[in-house]
Structures are given as structure tokens and as C-alpha cells.
Amino acid sequence: MAQIQFARGIDEDVVPDISLTRSRDGSNGKAIFYFQSPTALSSTSTDAITGMYLVDEEGELVSREVNAKFVNGQPDALEATYIIRSPQEWDRFMRFMERYANDHGLEFSKS
């Protein structure tokens, strides 16, 4: 089962909005994940956010680019960026996304 985690071993329950961009030659790209009111920011969570971990049966993809969004001084959302640096990384990321989409009822739509 494919999961997203912000602290290792603790699955994020909120399904994010995800935006993908890819260079014309396919050599690199970027995925931006936006989590509105994620459980990782709940006051009952005692674990620190150490990154974004995309975990599936093939292993783990890691991003350290995670930023909190605040409204009136309170954490409201998380935005994480996963940088893709090669066609092989793109293929691996897309395999994760296909598994995550199937497990969480997501669908892809072009802009």
C-alpha cells in the first residue's frame, strides 16, 4: 500500500492536491503536494515533521522541502516539493503515484 508520511512510520490521512510539471525533454520535473489541514499539524501529534516520505513496496522517495502555511498564526496547511532529476526518477515517481492514486481514489486530469 502506498502512503505519504511526514514522520517515519506515521501515515498522513489527508489526501493532497498534487501538481506536476516536467521539462520538454523529460530530463527533470517537479511535483508539488498541498495538504489542507493535515493530521501532521494536529495539536495531538507529538512527532516532528522531518520531511515528506513517499512509501510503497519498492521503497521510499524522500523530500526535505516541506513548508507550513499559517493562517492567523495557526498552522493550516503543508506544501511539499519533490524534485525529479532524471527520466528514471520520473518513472519511479509515477509508479508510486499510480499506486497511491489506486489506494486513495484519485484521478489524473490535465490542466
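Just the heavy atoms: all of them, side chains too, but no hydrogens, waters or symmetry mates, feed the values below.
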Are [X] and [Y] side-chain neighbours, meaning at least one heavy-atom pair lies under 4.5 Å?
X   : Y    : result
F96 : I4   : yes
L54 : Y100 : no
I83 : E65  : yes
L41 : I49  : yes
Q36 : V14  : no
Y34 : P16  : no
I10 : Q5   : no
R95 : M97  : no

* **Derivation and outcome, side-chain contact (heavy atoms from CB on, under 4.5 Å), residues T39 and D13** => CA-CA 6 Å; T39 55; D13 296 328; 3.8 Å; yes
* To do: Let me know which of M1, H104, E57 forms a side chain to side chain contact (heavy atoms under 4.5 Å, CB included) with R99.
  => E57
* Begin from the C-alpha positions of F93 and Y82 and carry the test side-chain contact (heavy atoms from CB on, under 4.5 Å) through to its verdict. => CA-CA 9 Å; F93 175 77; Y82 181 74; 3.7 Å; yes
* Hey, mind stepping through N67 and L78 against side-chain contact (heavy atoms from CB on, under 4.5 Å) and telling me if it holds? -> CA-CA 6 Å; N67 297 299; L78 286 176; over 6 Å; no
* What distance separates I84 CD1 from S27 OG, expressed to the nearest 0.5 Å? ->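 The OG atom of S27 is 11.0 Å from CD1 of I84, to the nearest 0.5 Å.
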* Roughly how far, to the nearest 0.5 Å, is the OG atom of S19 from the CD1 atom of I32? ->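 The OG atom of S19 is 6.0 Å from CD1 of I32, to the nearest 0.5 Å.
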Check whether any side-chain N or O of [X] sits under 3.5 Å from a backbone N or O of [Y] as a donor-acceptor pair, and report yes or no.
X    : Y   : result
S63  : T81 : yes
D103 : A2  : yes
D56  : E58 : yes
E98  : M94 : no
E12  : A40 : yes

* To do: Sequence neighbours left out, what passes salt bridge (Lys or Arg N to Asp or Glu O under 4.0 Å) with R8? Give chain and number order.
  =>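 With neighbours one apart ignored, the set is E60.
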* Output all residues satisfying salt bridge (Lys or Arg N to Asp or Glu O under 4.0 Å) with E79, sequence neighbours left out; order by chain, then residue number. =>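 E79 satisfies salt bridge (Lys or Arg N to Asp or Glu O under 4.0 Å) with no other residue.
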Of all the heavy-atom pairs spanning [X] and [Y], show the shortest one and how long it is.
X   : Y   : answer
P38 : A77 : CD-CA, 4.0 Å
A48 : A7  : O-CB, 3.5 Å
A80 : M52 : CB-SD, 3.5 Å

* Asked: Does V55 share a hydrophobic cluster with V62, counting links as ILVMFWY side-chain heavy atoms below 4.5 Å and allowing steps through other members?
  ->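 Result: yes, single cluster for both.
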* Can you hop from F6 to F33 via hydrophobic side chains spaced under 4.5 Å? ->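 F6 and F33: one cluster.
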* Asked: Is K69 salt-bridged to D76, going by a charged N under 4.0 Å from an acidic O?
  -> no
